[in-house]
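Take a look at the structure below.
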There are 2 protein chains.
Amino acid sequence: MSASATQTTYERLRASLLAGLYRPEEKLKISELGAAFSVSTGAIREALARLTAEGLVTALPQRGFRVAPVSIADLRDLTDMRIEVETKCLRRAIANGDLGWETAVVAAHHRLAATPIAADDGSFSPAWTLAHGDFHAALAQACGSTWMLRVRDLLSAHNERYLDLARKTDRGKRDAAREHRELMEATVARDTERAVSIMTAHLGKTRDTIEAALLAAAAMNEAR
Amino acid sequence: MSASATQTTYERLRASLLAGLYRPEEKLKISELGAAFSVSTGAIREALARLTAEGLVTALPQRGFRVAPVSIADLRDLTDMRIEVETKCLRRAIANGDLGWETAVVAAHHRLAATPIAADDGSFSPAWTLAHGDFHAALAQACGSTWMLRVRDLLSAHNERYLDLARKTDRGKRDAAREHRELMEATVARDTERAVSIMTAHLGKTRDTIEAALLAAAAMNEAR
DNA sequence: AATATACTTTTTATTGAAAATCTATTTTCT
DNA sequence: AGAAAATAGATTTTCAATAAAAAGTATATT
């Protein structure tokens, strides 16, 4: 095995979290996780410590770890920030990006467009989720700022968690494929203002969709 | 003891790191740290894991932990990002902030202005460093966005590390006290554009000062 | 019936030592 | 001499046992 156990445990746990395998505020019992991943509690603890620093997990001293909570307020705040950062990245990438970057964007879009959005059970397919994340990452990549990309990654991770919560709603009511295509086209055409405006609208729509899903879920819970 | 051992260890280690107690790229030996803080390797490991997620420490699997490197390129990138985020926070804070916030800004400035900048050995005094950090934090506080503040904190932490590297240079050549006072005045007067422009200049000057110090240090190393 | 108290169980926190891995040095061979 | 291999030493990683704390449960008390 190349990487260490703690490293792989961290990655696996993070992936599970982003895939929505655990519900928000659910308690993450160290020994259970250890059993599930078949590593010692030490490794789990270390992974959880890192996830805590990322904000994906909250730690209460002497009281263990929980999945970070979600809320509509946080989603809105997160999206505001994402719009700031993603558009800033996009502007800089369009200004700085070379042909290699352009090619990567086109490639990532092609893969995204060719990947079926829905899995058998009606939720987002994992392949689509991956391709979608990669496409957005590809757009930002040439921004030339390590710090911007780092913050972008952090925000994306948190957004992915929300995306997953909304994975059974509203799909198809919006033409996400078209939004992505237009975003790609404007970017490759180096039409900065158009690309930024599409991106802003795209992120806003995503927020609205998730918000609706969260409200629907809350209403369901209310009427249990 | 109120908090847990891992928690306090994390905080202590982080403070040491921000205070520049360990040099960039210095190896952080787990057992040594354990002896220094008199806790077990597990606690150290957990603290280091969190610091790794924050980017203050780098982890090489099977090869331990090191203090994150510094570079002029990173400083520039960091400062660019800081200017983006700090000004965005400031704009929003000036728009949203209530009297309580205004009061906190004035108070933080008063403390900063009244704290001697230099310690006996000529470096920044810890009290000044603290007051300085608090003043800048106070300015941003009312921005109304948790995410923005979170990112701001992250960037500030990294900046503090750089500040410390420059702590023996150039102090006095610039009138930081005046910059701070003008920043406070423009903010309290709700003069957004003026405050933003002072902030931008302030962060830029800080970067230049640190850059000069880094170059000087590199030259010294060259000619060892 | 509601609250308080003592007891039990579960879970977290912490430790130190064993196992695995790396680094530097020495030795061997071409 | 220079490269490859072996060895020894140091360090990291992992683990499982112990201690401490919190949560839960049942019993007693007001």
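For the side-chain contact (heavy atoms from CB on, under 4.5 Å) test with A/Arg207, the passing option among A/Leu75, A/Ile72, A/Leu78 is A/Leu75; the others fail.
Between the CD atom of B/Glu32 and the P atom of D/dA10 there is a distance of 13 Å, rounded to whole Å. Separating the CG atom of B/Leu33 from the C1' atom of D/dT12 is a distance of 13 Å, rounded to the nearest angstrom.
Phosphate proximity of C/dT12 to A/Lys27: present, with a side-chain N or O under 4.0 Å from OP1 or OP2. For D/dT14, the OP1/OP2 oxygens have a side-chain nitrogen or oxygen of A/Thr6 closer than 4.0 Å.
Distance from the side chain of B/Lys29 is smallest to D/dT11 among C/dT11, C/dC22, D/dT11. Among C/dA17, C/dT14, C/dT21, the nucleotide with an atom closest to any side-chain atom of A/Thr41 is C/dT14. Which of C/dT12, D/dT12, C/dT21 sits closest to the side chain of B/Gln62 comes down to C/dT21. Checked against C/dT12, D/dT14, D/dT12, the side chain of A/Ile30 finds its nearest nucleotide in C/dT12.
Within the 4.5 Å cutoff, no side-chain heavy atoms of A/Leu28 are placed close to those of A/Leu13. For the pair A/Glu160 and A/Thr129, the minimum side-chain heavy-atom distance is below 4.5 Å.
At the heavy-atom level, B/Leu28 lies under 4.0 Å from the strands shown only through sugar-phosphate atoms.
Classified by interplanar angle (parallel below 30°, tilted 30° to 60°, perpendicular above 60°), the ring pair B/His132/B/His136 is perpendicular.
Residue order along DNA chain C, read from the 5' end via each residue's closest nucleotide, puts A/Gly64 first among B/Ala43 and A/Gly64. The nearest heavy atom of DNA chain D to A/Arg63 and to A/Ser40 marks one nucleotide each, and the one closer to the 5' end goes with A/Ser40.
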